[in-house]
Amino acid sequence: MKRKTIMALLMASAMAFGTCATAFASEVQIDSAVPTEAATQAGKVVVAVDDDSFTIGPWGSDSAVRDWTENTIWAHLCHRPFVGAMLENGELQMNAAKSVTKVDDATYEVELFDNIVDSQGNAITASDVVFSYNNLAELGFVSEISLYYDSAEATGDYTLTIKLKDTSEGAIEAVLCGCSIANEAWYTGASEDEVNSNPATTGAYIVTDMVTGSGVTLEAKDDYWKTEDRADVEFTNVKEIELRCITEASSRTIALENGEVDMAEVSSDEVGRFEDNEDYNVTKYLNGMTQYLIFNCSEGSIFDDVNVRQGVAHAFDAYNMSLSAGEVVLSHDVAPNLATDYVDAWDEEEYFTYDIEKAKEYLAAAGYDESNPLEFSFLNSSQAPQQPYVALQAMFAEANINMIIDSQDRAARQAIQNDPTAWDMSEYSNSIVDFTTTFWNDLFGGDSNQCFVQDEKLQELLAAAIADRSEENLDAFHDYVMEQAYIVGCYTEVRSIVTTAGLTDVCIQKLNPVLNAMTFTEDYVSVEG
């Protein structure tokens, strides 16, 4: 299991801006070891979450609750236990798949376990897996499925063939691990409320209670279909997991101190209250969800002009934007510095430095000045903290730029994110799963890329970097994206999880806590008893 410290990154960011705002003494985890299934089990853990988007059906838009629970309640063909785990190296864990065999670069044969049943007793066969993949691809909630998955065909009751439309390194891993599996008959016959609040889950946990926007309770299955060789996400070290929505950071801190929850994500402003307190344990980790700004580069858009993009890119300071976000690592590429192929030298170079005079020069070249100021819409999520975008808006105003903030809830935002007529500029985030090139491909690959740009040279450079991740090829793509300013990286957040003393270790895999596999003292008792 890979484990990495990011102190060098934090210090480099701090030194670049003459402050130690991002630095701290404790080690920050990328991936941490999962306890054995025989480890001490807990009866219950109460977890405070900051998100009221409870999308727990088999397929839905991203949310903190979904990120923390999807692999626990839904079986996937395979599980990727750490960033960069590869099938060919034997590093993927089998979940619903008993085996995966490569036929050629685009074709893989999958054998399923023949005893998979969901929480309502429905058997899972190959046709259910094919239905799940095709349905998710049509819904478009998982970008990696849209990018890499071509088709699937059942070849027997418990065998199927998966075809890729993109055979880039990391593609098969993203496909095998990216789709929740549900029974077709149940899903097509269930009401929307049943799908979203009382689903027939295929993972190791069932949903026993659900109040949308308030809380959800999961309980380990006594009769889970797999009894040995379980993947990490199939462990049941916790009998019952209750997630409570507490959106305010200060309220989560109070809930911990008042003994109302066992675990919570705590803001960087308040984590110091727990760090030297023997009644609590603190886990810090670099959340791979890097924040970045996207310019809508579709034909006829305001940002179709590179001078406008460069002007806006130099009219803000990611450091000042990040002040309200807490501890962060500042970006020097669109991708975070987490993958093995990231070029460390980029972190020593200038990256869209704040230069208001340069910004005005670029804007003037595009025909914008005080008599004709630039004005555009900015799409963001209303559930996310708004302070960074208010700070962004204020910085733009100094350069005579009027940014109109359009905050949409996650469902509404998801519906228009891929519509080039709906916004001019947007913030977004994406996580690293293996390589920097995979991250780039997710953002820029093909005609349906996030910034709607049609650029042959961009695609040629991307293809070259994917085919051969040499420093020369990586530099060429990195430099070209900076030159064209299609998407600008901002920062990656350092997050803090605080638990009561009896919960001694929180496992972080793929940049999220694994709630079903934590380590406890023998005398651990939940706040709920």
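- By the salt bridge (Lys or Arg N to Asp or Glu O under 4.0 Å) test, Arg66 is found to be paired with Glu70, residues two or more places apart in sequence or in another chain being considered.
- Taking the ring centroids of Tyr319 and Tyr354, they lie at or beyond the 6.0 Å cut-off.
- Residues Asn296 and Ile302 fail the side-chain proximity criterion, which asks for heavy atoms closer than 4.5 Å.
- Ring centroid separation for the pair Phe378 and Tyr389 comes in under the 6.0 Å cut-off.
- When all heavy atoms of Gln484 and Arg309 are compared, the pair lying nearest together is O-NE, 2.7 Å.
- Taking all atoms of both residues into account, the shortest heavy-atom contact from Glu483 to Val306 is O-CG2, 3.8 Å.
- Here the shortest heavy-atom pairing between Glu370 and Pro373 reads O-CD, 3.7 Å.
- With respect to the salt-bridge test (charged N to carboxylate O, under 4.0 angstrom), the residues Lys358 and Glu361 do not qualify.
- Taking the six-membered ring where the residue is Trp, the centroids of Tyr368 and Tyr362 are separated by 6.0 Å or more.
- In this structure, Trp423 and Phe452 have tilted ring planes: the angle between them lies in the 30° to 60° band.
- Two rings, from Phe295 and Tyr486, have their centers 6.0 Å or more apart.
- Considering Trp59, Tyr149, Tyr148 in turn, Tyr149 is the only one that fulfils the ring-ring contact (aromatic ring centres under 6.0 Å, His included) rule with Tyr133.
- When each of Gln386, Gln408, Arg413 is tested with Asn380 by the rule side chain to side chain donor-acceptor pair (under 3.5 Å), just one qualifies, namely Gln386.
- The aromatic rings of His478 and Tyr351 lie parallel to each other, their planes meeting at an angle below 30°, with 60° marking the opposite boundary.
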